[in-house]
Structure formats: structure tokens, C-alpha cells
Amino acid sequence: MVKGTLKKIVCPCWKPSFVEGDGEGGGEKADSGGHVDELWWYKDSGKHVNGEFSIAMIQANLVLEDQCELESGSLKLGENGPFGTFVGIYDGHAGPEAARFINDRLFDNFKKYTAESEEMSADIIRNALLATEEEFLTLVESEWLSAPKMASVGSCCLTGIICNGVLYIANAGDSRAVLVKEEDKSINALRAVRISEEHNASFESVRQELRSLHPNDPEIVVLKHNVWRVRGFFKLSSLDLLQFYTFGIMICKQNFIILQISRSIGDAYLKKAEFNKPPLLPKFRQSVSFSEPILKAEPAILVQRLTAEDQFLIFASDGLWEHLSDQEAVDIVKSSPRDGIARELVKAAVVEAAKKQEMSYSDLEKVGSGLRRRIHDDITVIVLFLNCHSPTQTSFGGPMMLSVKSPFSF
């Protein structure tokens, strides 16, 4: 499995299809195709077990580092139920391999643990995510001599599950989920509620946690140019410096401070000292040794029952939230048609990013991947509209079976 997975995630020519459900339990297969348009991939509308959805992503990096998926129907491997919807946003960094791996493995692991339990729980989600982490670290170890770069890549991991009227949110990193509630039906007032705990050094609570876990490391978090970062320095060559200056990335005293996040899947070189040595490229190696992992994969989990006031959910990588507030995103959804709403959110964020660079949107459209990273990040958005007490049925009366996965590249 490891060898086959490695081939899929590193081969630039391999692209997954937009998978249809297998129809287990009598469910009808649903159309799951997405559309590619230059730097865009999107599925403007579709139905999941608990309502409707819209998905969109735009590429900014030279190689797409975001991945996402939506799975709806049976949540148990080889059995009919429970039925629900699974959403994943995987925001990679330092390369696409970790995000691709999660997109390939997490839901399978989730279904395996669901099959071993009689009911859905936070432990199932946690175990699936940590199992995926262990599989990726095993892959890094098995390919250490031939592909040491695998030790330097990682990904944030945001998942949401709706099952039997209960919402489960698990997050490792700084992607975000927002639940939108109806406050006053008479005036169509909607309120944004942030429901994911983010692991970003910009939050004082995250800095305190890191300092408590690493009391002997005075530079476990550092403030440079008014941005807090988790320890992790690249030693840069003159060519690296030129490239990073070209792409507008922060440089401090010949070191590149890599991460703001404190939790992730992957980033093996910041979790296991055995990967902090050759053949890992010198620019990734930590000059200060460590015995405890600098980052961890343990997700923060929220569990709550959905109510009639809960209207929709917005899941997005941090590329969206860098340019839109929670309420701004909600207001866009409220004032726009459902069909294509994920694209509308991504475009709104990109327009704001262009404004900050004193560019028009039409000028930005002329900027290709790679150079575009100076202006905005890869951005992925999934909007789930909720009808939790009346699951979507197919024409045959069975639950809808659907699997939508983003392509590894466009």
C-alpha cells in the first residue's frame, strides 16, 4: 500500500477521477464531476445526504498544495450505515505530497474505525486522523534515502462530519469551519459562529501551549516583523534568498521561518529527530536538537447537535480567511444564489488580495501560478447547506452515495 500510495502522490501525471459512490446499501450513484478552468477547479452545486453543497478551489502555488473531498452516504466500510456527510480540507505546505496522501487515505481510515464501533464518536475521528499521520510517517521512513524531501512536507487537516443530526469538527492546523445560525427569521439575520479551534502561533493560547510543552526552548515561538512563528528555520543559499525575495516570503538573518501552525499531518523533520539529518536538505535541518516533537498531529474536536436554526457551514483553508472575515463570508452566501457560491467566496477573497497589491482583478487573472503566490495562497472552500432532519433521498428511495475529490493538479 505504501509503495502504491507514494507512486500516486508524487507522480505529476497522475490525477484521480471524480469518484462516484459504490451504491452499497441500495443508494443511487450520484454525478460527482468537477470542472477545471485554468487555475480553478469547482463543482458549483450538488446534493449530499444532509442537503446541498458547493465546492471551489483556486491554485496560486507553482504546484497545487490544497486538497479537499466530500463523501456522502454510508460512513461505514462494507456496511449500510450510519449515513451522513464527511468533508475534508487539506492545506499542504512545503509541497503537495502530505495533502495528497490525506486525500487518498483519511476517509478510508475513518470508515475502518467506524466499522469497528457501534456509533459515531470523537474517538473515531481522532483515531482515523492519527492513523493517517502514522501511515504518512511510515511512508517517510520507507522512502527516506530515495525521497528525503517527504520528511519536510506537511498539511493542515480540517474535517467535518454530519451524522444522525450531530456535527463533528476535527482540526489540526489553521483551516477554519464556520457554522451559520438564523438569529431572526423575520429579517433574515444570520450569525457566524466559528466552530474550529485553530493552531496558529498568532493566538496567545497556542503560544502558551508551545512554551509549556517546550520549556527549555526560548525560541519555540518567535516574533519577526509582527508575525509569530513556530521554530523551524531554513538555512538559505544565495539562490534560495533570491527565489524567496522574488516570491515575497519573509527572510530573517539568512533563515527562513517556515511555520505559523503548531499542529499538522506530516512535517516529520519537526516531529522525529531521526529525520533532522542528512539526506534531508541542509536548509530544512534544525540547528538546535530536540527530543519532543515540535509539532503534533492531535486534532481539536468539537461535537454538537445541530438545530433548526443551523443554516449552513463554510469550510475553508486559511487562504480564504486571510482576506475575508467570518461575517463577510456569511453575508456573501446570504446575498448570492447557492449555485456557484463556493466560487463566489473564493473570487471575493482573491479580489480583496488583489486590492491589497493595488491590482485589478482583471490584471490578477493574467498572473500565473507560482508568481501569483505573492498575492494570495491556494484557496479551497466547501459550503454545506443543511437540512439535517430530512436526509436527501434518491429516486429509488435509498440514501445518496457520493464521493467528490479534488484533482492532484489541474
Side-chain angles (χ1 to χ4, degrees), residues 18 32 34-48 50-61 64-72 85-92 99 102-103 155-160 162 167 169 171 173-180 190 192-196 198 311-354 361 364 372-373 375-386 402 404-407 410:
F18 303 100
S32 58
H35 301 277
V36 174
D37 183 6
E38 296 183 344
L39 297 180
W40 288 84
W41 174 79
Y42 57 90
K43 182 171 176 62
D44 280 341
S45 64
K47 291 184 178 181
H48 62 105
N50 304 105
E52 298 173 89
F53 70 89
S54 181
I55 303 177
M57 66 192 318
I58 193 168
Q59 180 177 346
N61 287 289
L64 178 68
E65 294 184 344
D66 275 13
Q67 292 288 293
C68 69
E69 66 179 313
L70 183 147
E71 313 283 350
S72 197
T85 299
F86 175 103
V87 167
I89 300 281
Y90 316 127
D91 182 1
I102 300 167
N103 210 20
S155 179
C156 299
C157 182
L158 169 65
T159 60
I162 300 172
L167 172 66
I169 298 291
N171 195 37
D174 60 1
S175 296
R176 183 182 304 169
V178 172
L179 175 64
V180 182
L190 300 178
V193 181
R194 194 177 300 182
I195 53 173
S196 57
E198 295 169 44
Q311 301 297 299
F312 58 90
L313 288 147
I314 303 173
F315 298 86
S317 56
D318 70 321
L320 182 84
W321 307 113
E322 287 175 3
H323 304 293
L324 296 180
S325 70
D326 297 359
Q327 193 60 49
E328 285 172 338
V330 170
D331 291 343
I332 291 170
V333 177
K334 174 183 172 182
S335 61
S336 305
R338 289 188 177 188
D339 190 359
I341 188 56
R343 263 201 296 165
E344 285 298 312
L345 285 171
V346 174
K347 183 177 178 180
V350 170
V351 167
E352 288 302 311
Y361 181 72
L364 176 59
R372 184 180 278 239
R373 185 60 183 88
I375 303 163
H376 67 83
D377 198 356
D378 295 338
I379 301 175
T380 301
V381 175
I382 299 178
V383 181
L384 284 188
F385 295 98
L386 302 175
L402 179 71
V404 183
K405 287 178 179 282
S406 59
F410 302 160

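Residues take their numbers from the sequence shown, with the count starting at 1. Predicted, not measured: the structure shown is a model, and the values here were computed from it.
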**Student:** Between Val404 and Ile55, does the side-chain contact (heavy atoms from CB on, under 4.5 Å) criterion hold? Intermediate values first, please.
**Tutor:** CA-CA 9 Å; Val404 183; Ile55 303 177; 4.2 Å; yes

**Student:** Taking the side chain as everything from C-beta on, heavy atoms only, tell me whether Leu402 gets closer than 4.5 Å to Leu70.
**Tutor:**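 Heavy-atom side-chain distance check passes, below 4.5 Å.
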
**Student:** Could you tell me the separation between the CG atom of Asp91 and the CD1 atom of Ile102, rounded to the nearest 0.5 Å?
**Tutor:**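 Reported to 0.5 Å precision, the distance equals 10.0 Å.
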
**Student:** Going by side-chain hydrogen bond (donor to acceptor under 3.5 Å, both in side chains), name the residues that satisfy it together with Thr85, two or more places apart in sequence or in a different chain.
**Tutor:**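 Result, side-chain hydrogen bond (donor to acceptor under 3.5 Å, both in side chains) vs Thr85: His48, Asn50, Ser72.
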
**Student:** Any side-chain heavy atom of Glu69 within less than 4.5 Å of one from Phe86?
**Tutor:**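 Yes, side chains in contact.
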
**Student:** Among all residues two or more places apart in sequence or in another chain, which pass the side chain to side chain contact (heavy atoms under 4.5 Å, CB included) test with Glu65?
**Tutor:**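 So Glu65 forms a side chain to side chain contact (heavy atoms under 4.5 Å, CB included) with Asn61, Asp378.
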
**Student:** Would you call Leu345 and Val383 a side-chain contact if the rule is heavy atoms closer than 4.5 Å?
**Tutor:**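 Yes, at least one pair of side-chain atoms sits under 4.5 Å.
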
**Student:** Check side chain to side chain contact (heavy atoms under 4.5 Å, CB included) between Asp44 and all other residues, then give those that pass, not counting sequence neighbours.
**Tutor:**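 Here the qualifying residues are Tyr42, Asp339, Arg343.
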
**Student:** For Ser406, does its backbone N or O pair with a side-chain atom of Trp41 as donor and acceptor, under 3.5 Å?
**Tutor:**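 Not confirmed, Trp41 side chain does not pair with Ser406 backbone.
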
**Student:** In chain order, what residues pass the salt bridge (Lys or Arg N to Asp or Glu O under 4.0 Å) check against Arg194, with sequence neighbours excluded?
**Tutor:**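 For Arg194, the residues satisfying salt bridge (Lys or Arg N to Asp or Glu O under 4.0 Å) (neighbours in sequence not counted) are Glu198, Asp326.
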
**Student:** List the steps, then state whether side-chain contact (heavy atoms from CB on, under 4.5 Å) holds for His376 with Ile58.
**Tutor:** CA-CA 10 Å; His376 67 83; Ile58 193 168; 4.0 Å; yes

**Student:** Given side-chain contact (heavy atoms from CB on, under 4.5 Å), test Glu38 with Gln59 step by step and report yes or no.
**Tutor:** CA-CA 9 Å; Glu38 296 183 344; Gln59 180 177 346; over 6 Å; no

**Student:** Taking salt bridge (Lys or Arg N to Asp or Glu O under 4.0 Å) as the test, write out the residues that go with Asp377, two or more places apart.
**Tutor:**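 For Asp377 the salt bridge (Lys or Arg N to Asp or Glu O under 4.0 Å) partners, ignoring immediate neighbours, are Arg373.
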
**Student:** My understanding is that only residues two or more places apart in sequence, or in another chain, count here; which of them pass side chain to side chain contact (heavy atoms under 4.5 Å, CB included) with Ser54?
**Tutor:**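 Scan of Ser54 (side chain to side chain contact (heavy atoms under 4.5 Å, CB included), adjacent residues dropped) gives Ile341, Ala342.
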
**Student:** Using atom types as modelled and distance alone, determine if a side-chain donor or acceptor of Arg372 lies under 3.5 Å from a backbone N or O of Leu364.
**Tutor:**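 Pair found, side chain donor or acceptor close to backbone of Leu364.
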
**Student:** Determine whether Thr380 and Tyr90 make a side-chain contact, defined as any pair of heavy atoms from C-beta on separated by less than 4.5 Å.
**Tutor:**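 With C-beta onward as the side chain, the pair stays apart.
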
**Student:** Could you check Leu313 against Ile195 for side-chain contact (heavy atoms from CB on, under 4.5 Å), going step by step and ending with a plain yes or no?
**Tutor:** CA-CA 10 Å; Leu313 288 147; Ile195 53 173; 3.6 Å; yes

**Student:** Kindly write out the residues that satisfy ring-ring contact (aromatic ring centres under 6.0 Å, His included) with Phe315, not counting sequence neighbours, or none if the list is empty.
**Tutor:**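 Counting only residues at least two positions away or on another chain, Phe315 forms no ring-ring contact (aromatic ring centres under 6.0 Å, His included).
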
**Student:** Just jot down the side-chain hydrogen bond (donor to acceptor under 3.5 Å, both in side chains) partners of Ser317, sequence neighbours excluded, or say none.
**Tutor:**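 Testing Ser317 for side-chain hydrogen bond (donor to acceptor under 3.5 Å, both in side chains), a comparison that skips the adjacent residues, returns Asp66.
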
**Student:** List the atom of Ser175, the atom of Ile89, and the distance in Å for their closest heavy-atom pair.
**Tutor:**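 So the minimum-distance heavy-atom pair works out to OG-CG2, 4.0 Å.
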
**Student:** Does NZ or CZ of Lys43 lie under 6.0 Å from the centre of the six-membered ring of Phe53, at an angle within 45° of the ring axis?
**Tutor:**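 Ring-cation test returns no.
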
**Student:** List the residues meeting side-chain hydrogen bond (donor to acceptor under 3.5 Å, both in side chains) with Glu328, not counting sequence neighbours, and say none if there are none.
**Tutor:**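 By the side-chain hydrogen bond (donor to acceptor under 3.5 Å, both in side chains) rule, Glu328 matches Ser325.
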
**Student:** Flag the pair Leu386 / Leu179 as yes when at least one side-chain heavy-atom distance between them is below 4.5 Å, and no otherwise.
**Tutor:**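 A side-chain contact exists here, since the closest heavy-atom pair is under 4.5 Å.
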
**Student:** Under the side chain to side chain contact (heavy atoms under 4.5 Å, CB included) rule, collect the residues that match up with Glu352, sequence neighbours excluded.
**Tutor:**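 Side chain to side chain contact (heavy atoms under 4.5 Å, CB included) list for Glu352, sorted by chain: His323, Leu324, Lys355.
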
**Student:** Can you name the residues that form a side-chain hydrogen bond (donor to acceptor under 3.5 Å, both in side chains) with Gln327, not counting sequence neighbours?
**Tutor:**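 side-chain hydrogen bond (donor to acceptor under 3.5 Å, both in side chains) list for Gln327, sorted by chain: Asp331.
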
